[in-house]
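Okay, so here's the structure we're looking at.
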Amino acid sequence: MLTVTNGDISRIAEFLPVGENEILPTPIQGKGTINGSIKLHGDGDGLAGIDADLALDGLGFSDATGLHAGENISGEINAKAVRKGDGQGHLWKWNADVNWPSGEVFWQPLYFSAQGQRLTASGELNENIVRIVEGKLVLSGIGEMDLSGVIERPANTLRDFDLSADNLELSMLFSQVLKPFLANTPFADLKAAGQAGIRWRYRNSAHESLDVNLRDVSVEDERGRFAFSGVNARIPWQMQGANGKHEPTTADIHIQSSQLGRIPIGELHIPLKMEGWNLSIPRLTVPVLDGTLTLENFSASRKEGQAQEWQWQFSGGLSPISMQKLTEALGVQPMHGTLSGEIPRVSYNGSTVEVEGALLVRVFDGTVLIWNLKALDPMGPAATLMADVDMRNLDLNLLTGTFSFGNMQGRLDVAMHDLELFNWKPVKFDASLTSSPGNYPRRISQAAVQNISSLGGMGAAAAIQRSFLHFFDDFGYSKIGWSCSLRNGICHMDGIASEPMPNGYLIVKGGGIPAITVIGYNREVDWWELVSRLQRITQVSPKPIIN
């Protein structure tokens with residue numbers, strides 16, 4: 001029997017095997033003491049058994065990379081190993097009980113603080129494998145897990161593994177175990193709560209099956225992008241069956257409520273079909289405010305061995321949603337009317353979301369076509385969106401009545417081509433506003449004239465003709481035209497293309513009785529200054545000054 005009293009961990013660490021194919025990746029430096037006893041048993045064939053009862057106190061360690069470290073670790077290790085067969089077989093039966101009541105460990109990317117964690121396991125080993133026949137891991141605050149598996153030597157790679165647990169506390173499991181692996185991904189700011197059960201089967205260095213049960217789970221993005229609550233689900237994913245083929249299964253997912261940005265989503269039932277890494281939803285109806293978003297033929301897939309290369313696609317439509325309810329939810333200027341649309345094929349290839357065809361939206365009694373729509377790295381810190389937008393026959397009365405802009409009657413066409421947003425802020429576009437063709441009433445209020453004039457600079461206010469016109473509340477016009485080409489933060493402005501002017505540009509061409517003409521003079525303005533002007537005139541309704 002060997003008795004250890006106040007053994008110096010720093011000296012013991014010098015004798016631990018290290019290297020490319022060993023458990024410890026680089027030489028470590030340690031401190032602390034070890035006490036206890038180690039009993040060695042022998043027979044005619046050599047070492048036949050080991051009994052160890054050890055207590056660690058004040059253990060600390062670190063390696064040269066800084067990726068593995070521990071501090072103030074105390075614990076107890078009780079282990080036994082017995083050789084079976086003769087000395088040529090080198091097969092050992094073993095069992096171990098490890099208790100960790102105090103200390104801290106960082107093992108990239110995981111950090112654990114001791115709270116009474118305990119591992120009990122039994123198995124066998126030889127020069128080729130370490131087999132865990134039966135094991136139980138108790139993580140304080142998380143729950144208990146049963147495990148078994150095979151580690152191949154000398155590379156120390158995991159070949160087979162089974163993990164099962166019924167009542168895991170998801171908040172602690174997510175924060176301590178799962179979240180560190182999401183660092184530097186779009187999901188780094190997630191937090192979760194609720195209960196989870198899991199059955200994981202890993203065979204021949206590949207995932208074979210994963211059965212997850214979620215009970216009263218909530219998931220929230222701390223950046224406010226989305227949130228899900230009241231999630232109850234059974235997700236029985238299977239990679240392949242006994243015949244080596246993908247086994248189709250169906251998940252039952254129920255979500256009581258959720259939120260995308262500030263938009264509330266109603267109760268959802270998701271019939272997710274799974275066949276290996278191929279996922280599909282034939283049809284999904286999503287309640288959004290007082291309307292519904294319908295997704296058709298959703299499919300997602302992942303190439304074997306390329307975990308980051310998910311691809312998906314879907315199509316669908318949006319039934320009418322109240323613009324008043326939508327703008328209230330978004331916390332922006334209230335609008336009237338409804339929003340509806342048709343969604344063509346939308347696809348994602350691992351880094352880019354692309355709409356194939358035109359996205360049709362109906363709003364302000366007109367139509368909006370969005371085409372060439374593409375989003376690069378949409379969930380990342382440098383998201384880029386590109387699109388062309390054409391709006392036709394918008395009702396100016398509905399549009400201007402939404403804002404404190406002044407009333408206008410008529411119809412408007414808007415084009416915004418080569419639109420490019422970086423981090424959701426515009427950096428480039430060519431935009432134009434023109435009167436829609438056709439016969440309809442065309443009137444403009446004094447307040448609207450004043451506000452349109454202010455966009456062209458203070459000099460444009462002279463376009464409000466003095467004299468008797470101040471007796472009229474509104475005026476007639478025959479045509480409206482304005483354009484902005486945004487480049488390098490500067491908006492290059494122009495007016496009605498068919499009405500060139502030597503010292504300015506025509507924005508509103510008079511027509512009818514009484515008529516009004518509005519002229520712009522500033523052709524270049526800082527984009528954010530222009531946005532600031534728009535915000536001021538739409539938030540406060542100024543009283544026009546007519547002399």
key: D388 and N372 side chains, donor-acceptor separation under 3.5 Å   = yes
Item to complete: Check whether any side-chain heavy atom of M145 sits under 4.5 Å from a side-chain heavy atom of I198, and report yes or no.
Response: no
- Hey, does L190 have a side-chain heavy atom less than 4.5 Å from the side chain of K179? no
| Do R201 and D162 come within less than 4.5 Å of each other through their side chains, counting heavy atoms only? | yes
- Mind checking whether F314 and W312 have parallel, tilted or perpendicular rings, split at 30° and 60°? parallel
What one should report as the nearest heavy-atom pair of C484 and W527 is SG-CZ3, 4.4 Å
inquiry  = A quick test of your reading: do over 12 heavy atoms of other residues, nucleotides or ligands sit less than 6.0 Å from CZ of R215?
reply    = yes
In short, R131 meets W94 closest at the heavy-atom pair O-CZ2, 3.5 Å
Heavy-atom nearest pair, W100 first then S74, reads CD1-O, 3.3 Å
request  = Determine whether P344 and V355 make a side-chain contact, defined as any pair of heavy atoms from C-beta on separated by less than 4.5 Å.
outcome  = yes
Any side-chain heavy-atom pair of K425 and V427 under 4.5 Å = no
Distance col, row K136:NZ vs S164:OG, nearest 0.5 angstrom, shows 8.0 Å
Worksheet item: Do we see a donor-acceptor contact under 3.5 Å between the side chains of Q195 and E169?
Response: yes
Taken to the nearest 0.5 Å, the spacing of I73 CD1 from L56 CG works out to 8.5 Å
CD of E208 to CD of Q238, rounded to nearest 0.5 Å, is 7.5 Å
Taken to the nearest 0.5 Å, the spacing of K374 NZ from E356 CD works out to 10.5 Å
Interatomic distance, OH@Y348 vs CH2@W310, rounded to 0.5 Å, equals 11.5 Å
Are K80 and D53 ion-paired here, with the side-chain N under 4.0 Å from a carboxylate O?
no
Between V217 and N232, is there a side-chain heavy-atom distance shorter than 4.5 Å?
no
- Could you tell me whether R345 atom CZ has more than 12 heavy atoms of other residues or ligands within 6.0 Å of it? yes
* Asked: Does a donor on one side chain sit under 3.5 Å from an acceptor on the other, for R199 and N213?
  -> no
Determine, stepwise, if the pair W200 / W237 fulfils ring pair (Phe, Tyr, Trp, His ring centres under 6.0 Å). CA-CA 10 Å; W200 175 37; W237 177 85; over 10 Å; no
Are any non-hydrogen side-chain atoms of D211 and R234 less than 4.5 angstrom apart?
yes
Next on the checklist: With a 4.5 Å cut-off on side-chain heavy atoms, are R118 and E76 touching?
Outcome noted: no
